[in-house]
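All figures in this text were calculated on a predicted structure; none of them were measured in a lab. The basis for the numbers below is simple: all heavy atoms, side chains too, and nothing from hydrogens, waters or symmetry mates.
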Amino acid sequence: MDSLELPKRISTLGGEPFLIKSIAYHTYDSILFSVVRDTLHDDEYEELKKSRLGVFLKFKKLDFGWTSRLLNIKKKYELWSLVGADPVRFSLIEFEHLTGLNCEYIENLENLKCEVTKEMASFRECIGISVDAGPSSEQIIRACHRCQEWSRDDRMRLGYLAIFTGFIEGRKYSNATRVSLARLVMDLEKFENYPWGRVVFKVLMDSLRAKDFTKSYIIDGFIQILQVGKGSKCFKDAISRQAISQNSTTYM
């Protein structure tokens with residue numbers, strides 16, 4: 001069996017720069033999900049936690065830190081890093097193992113057409129956004145303060161949109177997200193079972209590839225998935241389920 005050629009280090013062994021650069025992310029998740037937790041009724045929040053998207057809430061609770069060094073990124077949707085002295089691959093395969101999210105391939109993944117209905121227009125009016133705009137985390141927080149008289153379904157939609165703005169898109173809290181994807185929340189079952197794993201992975205990798213790693217930088221998306229520390233064994237175990245000696249195929 002041919003051995004897998006590993007990517008080169010960005011810095012030579014022993015010649016790594018001092019850890020003076022900082023890595024930040026936009027999500028504003030502490031305030032966002034504190035407000036969501038206080039807003040939803042107990043049974044509604046439990047339903048959100050037990051849904052297929054509840055994994056984002058679980059990752060938020062984990063006490064992770066940075067313990068890896070990035071290696072050169074050669075392929076568009078594949079990342080290699082060092083955890084201790086061990087090279088580990090991070091691709092859509094490992095991402096799916098770690099999160100359990102739906103990573104199914106579908107056409108027009110990020111540009112679905114969704115009919116604008118009266119119900120959708122009414123819900124968006126309650127949030128304070130037009131039918132042609134995607135919500136921001138800031139707008140979701142504001143809506144949480146006035147949703148107590150909303151229907152149960154609309155409060156659940158608000159909870160799912162918090163996950164969408166805070167983790168799936170993970171943009172600056174005041175920035176709008178993509179309206180084509182946010183509209184899917186009108187069908188709660190469809191929203192929960194959508195291939196968000198593939199969307200999240202692409203958002204994160206596209207953000208990483210655009211950064212200059214010699215400087216401080218801010219990452220969009222679900223950056224928590226790359227944070228290891230107390231979770232490093234979990235990270236390595238999940239990755240080890242895919243033999244490193246396999247061909248490095250990218251499923252995007």
Side-chain angles (χ1 to χ4, degrees), residues 25-65 95-103 114 117-129 134-179 181-197 199-200 203 221-225 227 229-231 234:
Y25 57 98
H26 287 303
T27 58
Y28 210 59
D29 55 10
S30 294
I31 295 177
L32 176 62
F33 287 97
S34 176
V35 172
V36 169
R37 178 64 188 90
D38 292 340
T39 297
L40 296 182
H41 297 173
D42 289 345
D43 63 310
E44 295 166 351
Y45 190 73
E46 284 302 310
E47 182 177 329
L48 191 67
K49 283 172 55 180
K50 292 178 181 178
S51 73
R52 297 192 70 172
L53 301 185
V55 65
F56 292 105
L57 304 179
K58 294 174 183 176
F59 265 87
K60 181 184 178 301
K61 287 186 176 181
L62 296 176
D63 186 16
F64 284 176
F95 180 86
E96 185 175 14
H97 275 287
L98 283 164
T99 64
L101 289 168
N102 182 3
C103 296
C114 190
T117 64
K118 290 183 179 180
E119 183 184 18
M120 180 190 295
S122 175
F123 175 67
R124 287 174 158 268
E125 184 179 358
C126 289
I127 296 178
I129 57 175
S136 66
S137 292
E138 184 177 34
Q139 290 169 323
I140 297 300
I141 291 172
R142 289 177 181 173
C144 283
H145 293 303
R146 57 176 186 270
C147 74
Q148 289 304 315
E149 301 302 320
W150 294 8
S151 69
R152 187 182 194 280
D153 281 353
D154 280 349
R155 284 195 301 272
M156 289 302 298
R157 290 185 179 108
L158 198 59
Y160 278 125
L161 284 178
I163 290 176
F164 175 70
T165 63
F167 289 122
I168 295 175
E169 293 277 84
R171 302 184 182 186
K172 185 178 179 181
Y173 82 103
S174 58
N175 287 1
T177 52
R178 289 174 287 182
V179 63
L181 293 173
R183 285 175 175 174
L184 295 173
V185 81
M186 297 310 298
D187 185 330
L188 290 171
E189 183 178 356
K190 183 175 182 179
F191 191 88
E192 179 185 353
N193 292 290
Y194 196 70
W196 291 119
V199 175
V200 173
V203 168
F222 187 38
I223 193 62
Q224 291 88 343
I225 193 66
Q227 291 181 288
K230 291 182 179 179
C234 171

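For the pair Pro135 and Ile140, the tightest heavy-atom approach, listed with the atom from each and the gap, is CB-CD1, 4.0 Å. Residue Ala162 comes nearest to Val36 through the heavy atom pair CB-CG2, 3.6 Å, listed as atom of the first residue, atom of the second, then distance. Taking both residues in full, the closest heavy atoms of Gly166 and Ser137 are given as N-OG, 3.9 Å, listed atom of the first, atom of the second, then distance. Nearest heavy-atom pair across Phe95 and Gly197 is CE2-O, 3.3 Å.
For Glu96, there are no salt bridge (Lys or Arg N to Asp or Glu O under 4.0 Å) partners at least two apart in sequence or on another chain. For Asp42, the side chain to side chain donor-acceptor pair (under 3.5 Å) partners two or more places apart in sequence, or in a different chain, are Arg37. Under the side chain to side chain donor-acceptor pair (under 3.5 Å) criterion, Glu192 pairs with no residue, sequence neighbours left out. By the salt bridge (Lys or Arg N to Asp or Glu O under 4.0 Å) test, Arg142 pairs with Glu138, sequence neighbours left out. The side chain to side chain donor-acceptor pair (under 3.5 Å) search around Arg178 returns Glu110, Glu169, not counting sequence neighbours.
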side-chain contact (heavy atoms from CB on, under 4.5 Å) assessment of Val35 paired with His145 | CA-CA 8 Å; Val35 172; His145 293 303; 4.3 Å; yes
Apply the test side-chain contact (heavy atoms from CB on, under 4.5 Å) to residues Val179 and Ile129: give CA-CA distance (whole Å), side-chain angles for both, the deciding distance (0.1 Å), then the verdict.
-> CA-CA 10 Å; Val179 63; Ile129 57 175; over 6 Å; no
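For Ser122 (side chain) and Lys118 (main-chain N/O), no donor-acceptor pair under 3.5 Å exists by modelled atom type. When atom types are taken as modelled, the side chain of Arg146 and the backbone of Ile127 share a donor-acceptor pair closer than 3.5 angstrom. Remark: side-chain polar atoms of Arg155 are not paired, donor with acceptor, to backbone N or O of Glu44 under 3.5 angstrom.
Pro195 places none of its side-chain heavy atoms less than 4.5 Å from the side chain of Val199. At a threshold of 4.5 Å between non-hydrogen side-chain atoms, the residues Leu158 and Cys144 count as touching. Counting heavy atoms from C-beta outward, Phe33 and Ile163 have side chains that approach closer than 4.5 Å. A 4.5 Å side-chain heavy-atom check between Met120 and Cys114 finds at least one atom pair inside the cut-off. Between Asp154 and Cys126, the closest side-chain pair of non-hydrogen atoms is not below 4.5 Å. Taking the side chain as every heavy atom from C-beta outward, Thr177 and Phe164 approach each other to under 4.5 Å.
With values rounded to the nearest 0.5 angstrom, Leu161 atom CG is found 5.5 Å from Phe191 atom CZ. Tyr173 OH to Ile141 CD1: the interatomic distance, rounded to the nearest 0.5 Å, is 8.0 Å. Taken to the nearest 0.5 Å, the CG atom of Asp187 stands 12.5 Å off from the OH atom of Tyr194. Put simply, NZ on Lys190 and CG on Leu184 are 5.5 Å apart, with the number rounded to the nearest 0.5 Å. Separating the OH atom in Tyr160 from the CD1 atom in Ile168 is a distance of 10.5 Å, to the nearest 0.5 Å. Distance check: Thr99 OG1 to Ile225 CD1 gives 5.5 Å after rounding to the nearest 0.5 Å.
Ring geometry for Phe222 versus Phe167: interplanar angle over 60°, hence perpendicular rather than tilted (30 to 60°).
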For residues 49-58, please give each side-chain donor-acceptor pair under 3.5 Å, one per line with the distance, not counting sequence neighbours.
| residue | atom | partner | partner atom | Å |
| --- | --- | --- | --- | --- |
| Lys49 | NZ | Glu46 | OE2 | 3.4 |
| Ser51 | OG | Leu48 | O | 2.7 |
| Ser51 | OG | Leu53 | N | 3.2 |
| Ser51 | OG | Gly54 | N | 3.4 |
| Arg52 | NH1 | Asn193 | OD1 | 3.4 |

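Ion pairing between a basic and an acidic side chain is recognised when a charged N comes within 4.0 Å of a carboxylate O; Glu47 and Arg152 show such pairing.
In this structure, Glu149 places its CD atom where only 12 or fewer heavy-atom neighbours from other residues, nucleotides or ligands lie under 6.0 Å away.
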